[in-house]
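Being a predicted model, the structure only gives us computed values, none of them experimental. If you read the sequence from its start, that first residue is 1, and numbering goes on from there.
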Amino acid sequence: QVQFVESGGGLVQPGGSLRLSCSASGFTLDYSAIAWFRQAPGKEGEGVGCIERRGSYINYYSDSVKGRLTISRDNAKNTVYPHMDSLKPVETAVYYCAGNEIRCPNTYRTMDFWGNGTLINVSS
């Protein structure tokens, strides 16, 4: 069966940086656009960014993280890495990776495969 697993979350001070990982079993991440979403306490999930392949890789970032988020990947490890700089307390949330759309979707609702998320706690 397909399983996505996020890792790399934890406690970070405001202004700090963190790199997360999304790995998969039973699925090749390079065959799919991989999107990142986050859900803060008491709020609906929101899109953060997405990476897709059209020969070369193309990244999409939400306006709130543009300039601070970089998504990369290591296909040999079947892993995708979002790296976010200058983290803010309001960005404390559980971060999820999702896939199975060929192209980055307009909504997270079309993604079939999800991990259980990893928590980023931005606090001094």
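The shortest distance between side-chain heavy atoms of Leu20 and Ile120 falls below 4.5 Å. Two residues are said to be in side-chain contact when any heavy atoms from C-beta on lie closer than 4.5 Å; Trp36 and Glu6 meet this criterion. Between Met84 and Glu91 the shortest side-chain heavy-atom distance falls below 4.5 Å. Counting only heavy atoms from C-beta outward, the side chains of Met111 and Pro105 approach each other to under 4.5 Å. Counting heavy atoms from C-beta on, the side chains of Arg68 and Lys88 come closer than 4.5 Å. Inter-residue side-chain proximity for Phe4 and Leu29 is flagged as met; some heavy-atom pair is nearer than 4.5 Å.
Atom CD1 of Ile102 is surrounded by 12 or fewer heavy atoms from other residues, nucleotides or ligands within 6.0 Å.
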Starting from the C-alpha separation in whole Å, work towards a yes-or-no answer on side-chain contact (heavy atoms from CB on, under 4.5 Å) for Ser123 and Thr92. CA-CA 8 Å; Ser123 179; Thr92 294; 5.8 Å; no
Show your working on side-chain contact (heavy atoms from CB on, under 4.5 Å) between Tyr57 and Asp30 and close with a plain yes or no. CA-CA 10 Å; Tyr57 292 99; Asp30 196 39; 2.4 Å; yes
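Ionic pairing of Arg103 and Glu101 is not present here: no N-O contact between side-chain nitrogen and carboxylate oxygen is shorter than 4.0 angstrom.
Checked against the 6.0 Å centroid criterion, the rings of Tyr108 and Phe37 qualify as a close aromatic pair.
Going from atom CD of Gln3 over to atom OG of Ser23 covers 10.5 Å, rounded to the nearest 0.5 Å. Here OG of Ser72 is found 7.0 Å from CD1 of Ile51. Values are rounded to the nearest 0.5 Å. Tyr81 contributes atom OH, which lies 13.5 Å from atom CD1 of Ile71 (distance to the nearest 0.5 angstrom).
A donor-acceptor contact under 3.5 angstrom links the side chains of Asn59 and Tyr61, judged on distance only. Under the 3.5 Å distance criterion, with hydrogens and angles disregarded, no donor-acceptor pair is assigned to the side chains of Tyr95 and Gln39. In this structure, a donor-acceptor pair under 3.5 Å is absent between the side chains of Thr79 and Ser21. Side-chain N/O atoms of Ser17 and Asp85 include a donor and acceptor closer than 3.5 Å.
A donor-acceptor contact shorter than 3.5 Å links the side chain of Thr118 to the backbone of Gly9. A donor-acceptor contact shorter than 3.5 Å links the side chain of Asn78 to the backbone of Ala24. Judged by distance alone, the side chain of Ser56 and the main-chain N or O of Arg53 form no donor-acceptor pair under 3.5 Å. Under the 3.5 Å distance criterion, the side-chain polar atoms of Asn100 are left unmatched by any main-chain donor or acceptor of Ile34.
Annotation for Ser124 and Pro14: closest pair N-CD, 3.6 Å, computed over non-hydrogen atoms. Across Val80 and Pro82, no two heavy atoms sit closer than the pair O-CD, 3.7 Å. Here the closest non-hydrogen pair linking Leu18 and Gly10 is CD2-N, 4.1 Å. The heavy-atom pair separating Cys50 from Ala33 by the smallest distance is SG-CB, 4.0 Å. Here the shortest heavy-atom pairing between Gly115 and Tyr96 reads O-CD2, 3.5 Å. The two atoms that bring Val65 and Arg38 nearest to each other are CG1-NH1, 4.0 Å, heavy atoms only.
Under the 4.5 Å side-chain heavy-atom criterion for grouping Ile, Leu, Val, Met, Phe, Trp and Tyr, Val122 is connected to Leu69 within one hydrophobic cluster.
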